[in-house]
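Remarks on the structure that follows.
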Amino acid sequence: MNIDGITLRVLITEFSKTLDASYLKKVQMPSSGRFYFEFSHDILFCSLLSSDCYCCLTEKKESSPSHPEGFVMLLRKYLNGGRLKSISQIGTDRMMSMELTKRDEIGDLISYKVYFEMMGRNSNLILTDESDAIIDVWKRTITQSRSLIPGVVYLPYSTQGMALCDYEHHGLEFLISQISNTSGQMKLGKFLQDQFQGFGKQNLEEIFFRLDLKKEVEISQLKDDHLLALHELLLDMVKELREETIYVYENAGQKTLISPMPLLSAIESEYQVIKLTPSKALELANGQVRIQSRLTEKKIQLQKIILKEISKIESNIDNLEKDLKESSKAGQMQLNAELIMGSIYRFDPKKNYEIIDVTDWRTGREVRIELDKKYNLSMNAQRLFKRASKLKRREEFVKKRVQKLSKRIFYLESVNEAVENIQTQQELDDIRSEMCEAGLLTKPAMQKKTKQKSHVESSPRTFKYKGFEIVVGKNNIQNDRICHSYSREEYWFHAQQIPGSHVIINSAGREVPEDVLYMAAKLAARFSKGKISTKVPVDYTKLKYVKKPKGSPPGFRIYDNFKTFVVDPIRDLDTLE
């Protein structure tokens, strides 16, 4: 999770109070971009990863490598034993400076500064002396605007606009003046980001929500009441910066938001909210985000394996289809052999021909046949008969092989679709187990029985609609299981001819209304490869008409006596119970 400059402002207030005059004991970097500054009684953590930019106080510390990188050793050389003199923010953007003092070998007091730039992929950590001359940089860079290399004077990452905290010294007239000096076609969001430092996407969304404006609104479209409301909202945000707490918002979809100000838009969207000290809030929020991030990384790894296997099979099918094209010549070879034998009396039996012209008795047209001059007519015909027969046998084999490989691709696409819908570690473990059984992953080495943990399978998704339970399989193993768990009279749904979940209405013997059938079809479309379409054909029938062919892969079914709905997949699952 990346923080904005406004959130960093609140964090720095906490850092200043907690770390004031503390001594730095040690600097550690357990993995690239994750720094721990261990002070006398507290630990300051800073993540500078492109997708994970934030800092907070923490009580936990990761184990570090026994041989630290050279940059970490340099930080220790200059900073260990130093006393924190100040910690501050540059404006209200995502940049923080930390100044430490220590005595050198002859007892003189010297200062060093550490600059943290939490700017996404441009994040960096810079060590300078007291005159801001760079001693070293985590990521050395040279651009047209500035150089981050040892020896040059440090220049902060270029920012524009005023610090938001300075806005309270200006009145409504200042805001109106700034707007009047700006092109009326500029969008409000762009105007605010240009005028104030540290404005994140989340802050803008909240402003649009509170002002009841669309994101595309231009400043020329703002009315007087909009300007007054915006002015008061900005003043409220300045006041929130003085608070020493941060709100954490979480929803059922495990999405997490943080903000030093109340997010009415999140509350409207039924997020659960708690109020914590800044560092506790960041630790909680990023703990949840890291879990989801690791889950996403694992999902991507599994999808790469699946897509690689699909690509390999598609390449095999391409080669087999080339063989099929060659095999398609078998019919012409057979005909040529028959024409030769039917016309052999017209030619000299002792002579070897390279080309002959014969009449096709079916059409009456002349046909030219190329021959092998090493053989007579009878031998040429026999050779053509044999080659035609061989190609026909090969054609039959290749068609069966292509059909088998095509089924394999369909199965792999269904596994990939299940991976796409994973939300928990348990569901990920289910898919890994299935992929092991399918030969896509290597089974882990057997552990001792005393240490072996039994894998608890996840439960299928269940939704309530108008008093009926609708069950949706999360993966192929679950699809198989739910098909055997319900009465043969229950309705079964599946997106037509594309990978997707099996869906069953648990009616408990009741008659199922048409609108419940339709909702089940919308769920089947939602959890299928066609979920981004607006018109998805979904077949449905009773379970007694659904069969699993012998030897077929998990989740594969054939069915008859079915009907079809064409539906728009349901988008908002929260509308269901």
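Remark: side-chain polar atoms of S414 are paired, donor with acceptor, to backbone N or O of Y411 under 3.5 angstrom. Of the possible polar contacts, one joining the H494 side chain to the G500 backbone as a donor-acceptor pair under 3.5 Å is found. Here the side chain of K404 pairs no donor or acceptor atom with the backbone of K399 at under 3.5 angstrom. Under the 3.5 Å distance criterion, the side-chain polar atoms of H502 are left unmatched by any main-chain donor or acceptor of D480. Checking side-chain atoms of Y353 against main-chain N and O of D348 turns up a donor-acceptor pair under 3.5 Å. Formation of a donor-acceptor pair under 3.5 Å by the R461 side chain with backbone atoms of S459 is not found in this model. Between the S220 side chain and the Q185 main chain, no donor and acceptor come within less than 3.5 Å of each other. In this structure, N479 contributes its side chain and P554 its backbone to no donor-acceptor pair below 3.5 Å. In this structure, S47 contributes its side chain and D52 its backbone to a donor-acceptor pair below 3.5 Å. A side-chain donor-acceptor contact under 3.5 Å links Y249 to the backbone of L263.
Contact check on K474 versus D430 returns no salt bridge, with no Lys/Arg side-chain nitrogen under 4.0 Å from an Asp/Glu carboxylate oxygen. A salt bridge does not link E396 to K392: none of the charged nitrogens lies less than 4.0 Å from a carboxylate oxygen.
Side-chain atoms of N124 and E117 include no donor-acceptor pair closer than 3.5 Å. No hydrogens or angles considered: nothing links the side chains of E417 and S528 as a donor-acceptor pair under 3.5 Å. Neither side chain, N416 nor E420, offers a donor N or O lying under 3.5 Å from an acceptor on the other. No side-chain donor from either of T541 and N561 sits under 3.5 Å from a side-chain acceptor of the other. Residues D4 and Q202 bring no donor and acceptor atom of their side chains to less than 3.5 Å of each other.
For the residue pair M119 and S123, the shortest heavy atom distance occurs at N-OG, 3.0 Å. Scanning both residues, I3 and R94, for their nearest heavy atoms gives O-CD, 3.3 Å. Listed here is the closest heavy atom pair of A524 and V538: CB-CG1, 3.9 Å. Between A521 and V567, the shortest heavy-atom contact is O-CG2, 3.7 Å. Looking at every heavy atom in both residues, A495 comes nearest to V536 through CB-CG1, 4.4 Å. Scanning both residues, L371 and L377, for their nearest heavy atoms gives CD1-CD2, 3.4 Å.
Side-chain contact between L440 and L412: present, with at least one pair of heavy atoms (C-beta onward) separated by less than 4.5 Å. Looking at heavy atoms from C-beta onward, N352 lies out of side-chain contact with K374 at the 4.5 angstrom threshold. Using a 4.5 Å heavy-atom threshold, the side chains of E218 and M186 count as separate. Contact check for R383 versus K386: no side-chain heavy atoms found under the 4.5 Å cut-off. Between I340 and V358, the closest side-chain pair of non-hydrogen atoms is not below 4.5 Å. In this structure the side chain of T359 reaches within 4.5 angstrom of the side chain of R346, judged on heavy atoms. Side-chain contact between L302 and L428: present, with at least one pair of heavy atoms (C-beta onward) separated by less than 4.5 Å. Side-chain contact check for K308 versus I305: every heavy-atom pair is 4.5 Å or farther apart.
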Determine, stepwise, if the pair L188 / H226 fulfils side-chain contact (heavy atoms from CB on, under 4.5 Å). CA-CA 11 Å; L188 176 59; H226 288 142; over 6 Å; no
Verify side-chain contact (heavy atoms from CB on, under 4.5 Å) between N506 and T462, making sure each step is shown before the conclusion. CA-CA 10 Å; N506 183 16; T462 57; over 6 Å; no
Verdict with reasoning, L339 to D360, per side-chain contact (heavy atoms from CB on, under 4.5 Å): CA-CA 7 Å; L339 291 176; D360 186 343; 4.3 Å; yes
Under the side-chain contact (heavy atoms from CB on, under 4.5 Å) criterion, do M379 and N376 qualify, and how do the steps go? CA-CA 5 Å; M379 287 295 294; N376 60 28; 3.2 Å; yes
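Within a 6.0 Å sphere centred on OH of Y545, other residues, nucleotides and ligands contribute 12 heavy atoms or fewer. Summarising the local packing, CZ of R121 is surrounded by 12 or fewer heavy atoms from other residues, nucleotides or ligands at distances under 6.0 Å. Atom CG of D212 has 12 or fewer neighbouring heavy atoms from other residues, nucleotides or ligands inside a 6.0 Å radius. Other residues, nucleotides and ligands contribute over 12 non-hydrogen atoms within 6.0 Å of the CD atom of Q221. Within 6.0 Å of CD in Q272 there are 12 or fewer heavy atoms belonging to other residues, nucleotides or ligands. Counting heavy-atom neighbours within 6.0 Å of R557 CZ, excluding the residue itself, gives a total above 12. The local environment of CD in E366 is crowded, with over 12 non-hydrogen atoms from other residues, nucleotides or ligands closer than 6.0 Å. More than 12 heavy atoms of other residues, nucleotides or ligands lie within 6.0 Å of CZ in R210, so this atom counts as buried by the packing criterion.
Considering only residues two or more places apart in sequence or on other chains, E321 meets the salt bridge (Lys or Arg N to Asp or Glu O under 4.0 Å) condition with none of them. Partners of S32 according to the side chain to side chain contact (heavy atoms under 4.5 Å, CB included) rule, which considers only residues two or more places apart in sequence or in another chain, are W138. In this view, K529 and E413 satisfy the salt bridge (Lys or Arg N to Asp or Glu O under 4.0 Å) rule, not counting sequence neighbours. In this structure K542 satisfies the salt bridge (Lys or Arg N to Asp or Glu O under 4.0 Å) test together with E489, sequence neighbours excluded. Residues satisfying the side-chain hydrogen bond (donor to acceptor under 3.5 Å, both in side chains) test with E338, not counting sequence neighbours, are Q334. Residues meeting the salt bridge (Lys or Arg N to Asp or Glu O under 4.0 Å) test with K215, sequence neighbours left out: E205.
Put simply, the residue from Y540, F562, F565, F527 that forms a ring-ring contact (aromatic ring centres under 6.0 Å, His included) with F493 is Y540. Exactly one of Q478, E427, Q425 qualifies for a side chain to side chain donor-acceptor pair (under 3.5 Å) with S458. That residue is Q478. Between F463 and the options V471, V472, I570, a side chain to side chain contact (heavy atoms under 4.5 Å, CB included) holds for only V472.
To the nearest 0.5 Å, atoms OG (S406) and CD1 (I313) are separated by 9.5 Å. The line from CD1 of I505 to OH of Y491 is 8.0 Å long, rounded to the nearest 0.5 Å.
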